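Chain letters run A, B, ... following the sequence lines, proteins first, then strands; residues in each count from 1. Fair warning: this is a prediction, and the values are worked out from it, not measured in the lab.
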Amino acid sequence: MRYSALTLARNALTGHRQWQPMWRDAQPQPHYDVVIVGGGGHGLATAYYLAKHHGVKRVAVLEKAWIGGGNTGRNTTIVRSNYFLPESSAFYEFSVQLYEKLSRELNYNIMFSQRGMITLAHSRHDEETLRRSFNAMSLNGVDCEWLEPDEVFERMPLYNRAGRFPVRAGLDQPRAGSARHDAVAWGYARAASDLGVDIIQNCEVTGFLGGDGHVGGVSTSRGNIGADKVCLAVAGHTSQIAAKAGLQLPITSYALQAFVSEPVKPVFDTVVLSPATGVYLSQTDKGELVIGGALDLYPSYAQRGNFHTVENVVAGMLEMFPAFSRLRLMRQWAGIVDVVRDSSPILGPSPVDNLYLNCGFGTGGFKAIPAGGWTMAHTLATGDVHPLIKPFALERFQNGALIDEAAAAGIAH
Amino acid sequence: MLLISCPFCGPRDETEFRCGGQSHIQRPGPHTAVSDADWGAYLYTRDNPKGWHFERWLHAGGCRQWFNLARSTVTHEIRAVYAMGEAAPVIGESS
């Protein structure tokens, strides 16, 4: 399926009954070279790069529900690389650069809008921390700009100038922004399907074939599927599926909420994060405000949030933008995120032979979809861990080489 | 929103409490005999069940005492409240 003004006109004239599905509805085959568990952004991107770059012919993506219906369709769609440590900076900056070319790569408009992202400082101590981030980003080769309060207010005229938390400075990453989350999933799915990848929806993985420290496939709600290699990309449910292979991981699952307001005319054209209120927000092209805050701070698999977290987030947003007090929230939801103690992902082989992990992204996996797919595909196809993700190995929880990005994540979860 | 029965103060809103994560974790020892793998597991590996979870809570906005809960991570139902140092109660399967 390709789109153009001509196909749009033709379908409009024929009552929109001629549109074709974007990807094949594949039936499970008995054996694959690589089976990817989880049809979110990371799983689909991994399948796409396996087929595109490494010529792996038989690849399947197994999804228990529908493509992009998990955290890929539940996040706040921010893409950025304003990290602190060199390891994370290199990985996430690679991802932003892939996002910059992704619409062309997939021939699918992912609506990547590089509107910048401003992190604010509200006290002298915030300012010193932010200056340190500025220096770290500069040393890591990620361009950023220091904003004085006047420049912050120029970018966001509605921002509260006389609030409880005065603005003392801002740090802008101009190339950060947001992308359309569904389009990222659908674009990768279509491109992967065109390259021969089997995308199998409504297929829940219930266990693993093999044993004695190795896996040789998966058992699913639609029968057994053999595989040379299996890659998990299931975010909040990683602990559940890994346990079926006898693997216990340093992951705790939490609910993270997000909110969308009713659409309004354009009021600000950037992404803003305030560490003091613990809230960040942006405005979509449609005009809705997309708002995010802190985790609900106890382990949960319930895809709903607590009301006091809603109150905290709304109060924080109104402290930043009092003018939004009359806006109504249209939607509120929660996704289950896989949090690890150093707030960095776990990527690469696992102690179980032929089982690979892509997990631990916690509250920020969307921005890493292209890089996660690219590097995991390289690792699965060649057997050599991609250099960018070597530091993110599971072994770091034994040897102590943690990549503690908790401070640079922005929100104090 | 949880209503948590503090064993010392009675039922209070969850905003008064802090969750301290999985309970009943034993520090391995003696220290010289603990492998890197065991020490890493002690520090970082957690149960993370989808179902009943035995966890420590602190009544931070009240009596500041620690205690244990048996809580479902799916329904958030609290089935048991018990003291620090007590063994985990036996909980039925259904939640």
Side-chain angles (χ1 to χ4, degrees), chain A residues 234-244 246-255 257 294-312 315 334 336-344 346 351 359-360 362 393-404 413, chain B residues 1-6 12-26 28 31 34-61 66-79 81 88 91 94-95:
Chain A
V234 296
H237 282 73
T238 304
S239 296
Q240 305 304 308
I241 295 192
K244 297 181 198 297
L247 204 57
Q248 220 187 354
L249 296 169
I251 291 175
T252 306
S253 295
Y254 293 94
Q257 299 192 57
L295 289 169
D296 286 24
L297 281 171
Y298 46 81
S300 175
Y301 287 89
Q303 285 182 324
R304 59 176 194 271
N306 280 299
F307 190 68
H308 69 89
T309 307
V310 180
E311 282 185 312
N312 285 344
I336 303 306
V337 296
D338 43 345
V339 173
V340 295
R341 288 305 290 269
D342 62 356
S343 302
S344 289
I346 301 170
C359 60
L394 181 61
E395 287 78 39
R396 72 179 189 270
F397 297 98
Q398 281 185 27
N399 61 28
L402 301 184
I403 304 165
D404 189 0
H413 287 298
Chain B
M1 186 79 94
L2 303 181
L3 185 66
I4 298 174
S5 289
C6 171
R12 298 289 183 91
D13 190 283
E14 78 170 70
T15 53
E16 293 185 13
F17 297 86
R18 297 280 178 280
C19 181
Q22 185 186 338
S23 197
H24 308 296
I25 297 171
Q26 294 296 323
H31 192 72
V34 179
S35 68
D36 285 354
D38 287 345
W39 188 249
Y42 162 66
L43 287 178
Y44 302 114
T45 304
R46 294 295 177 259
D47 279 349
N48 203 25
K50 188 172 185 174
W52 293 108
H53 190 230
F54 302 98
E55 55 196 17
R56 301 175 301 172
W57 283 76
L58 170 70
H59 195 181
W66 284 93
F67 58 93
N68 287 316
L69 285 188
R71 184 182 62 87
S72 167
T73 59
V74 180
T75 63
H76 293 178
E77 179 195 347
I78 295 167
R79 190 64 70 81
V81 183
I91 302 287
S94 62
S95 59

**Student:** To the nearest 0.5 Å, how far apart are CD in B/E16 and CH2 in B/W57?
**Tutor:**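 The CD atom of B/E16 sits 12.0 Å away from the CH2 atom of B/W57.
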**Student:** For A/R304, is it the side chain, the backbone, both, or neither that has a heavy atom closer than 4.5 Å to a heavy atom of chain B?
**Tutor:** side chain
**Student:** With chain B, which of A/N399, A/V340, A/T252 has the greatest number of heavy-atom pairs at distances under 4.5 Å?
**Tutor:**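 Looking at each of A/N399, A/V340, A/T252 in turn, A/T252 comes out on top.
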**Student:** Partners of B/F54 by ring-ring contact (aromatic ring centres under 6.0 Å, His included), sequence neighbours excluded?
**Tutor:** none
**Student:** Nearest 0.5 Å please: distance from the OH atom of B/Y44 over to the CG atom of A/L402.
**Tutor:** 4.0 Å
**Student:** Identify, with sequence neighbours excluded, every residue that meets side-chain contact (heavy atoms from CB on, under 4.5 Å) alongside A/N306.
**Tutor:** A/D296, A/Y298, A/H308, A/T309, B/M1, B/E14
**Student:** A/Q240 versus chain B, heavy atoms under 4.5 Å apart: side chain, backbone, both or neither?
**Tutor:**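 Contact with chain B is through the side chain of A/Q240 alone.
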**Student:** Just to verify, which of B/T45, B/N48, B/D47 counts as forming a side chain to side chain donor-acceptor pair (under 3.5 Å) with A/Q248?
**Tutor:**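 That would be B/D47; it is the only one of B/T45, B/N48, B/D47 passing the side chain to side chain donor-acceptor pair (under 3.5 Å) with A/Q248.
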**Student:** What part of A/I251 lies closer than 4.5 angstrom to a heavy atom of chain B: side chain, backbone, both or neither?
**Tutor:**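 Interface part for A/I251: both.
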**Student:** Tell me which of these, B/R46, B/H76, B/H53, has more heavy-atom pairs under 4.5 Å with chain A than the rest.
**Tutor:** B/H76
**Student:** Measure distances from B/R71 to the heavy atoms of chain A and classify the residue's part below 4.5 Å as side chain, backbone, both or neither.
**Tutor:**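 Only the side chain of B/R71 comes within 4.5 Å of chain A.
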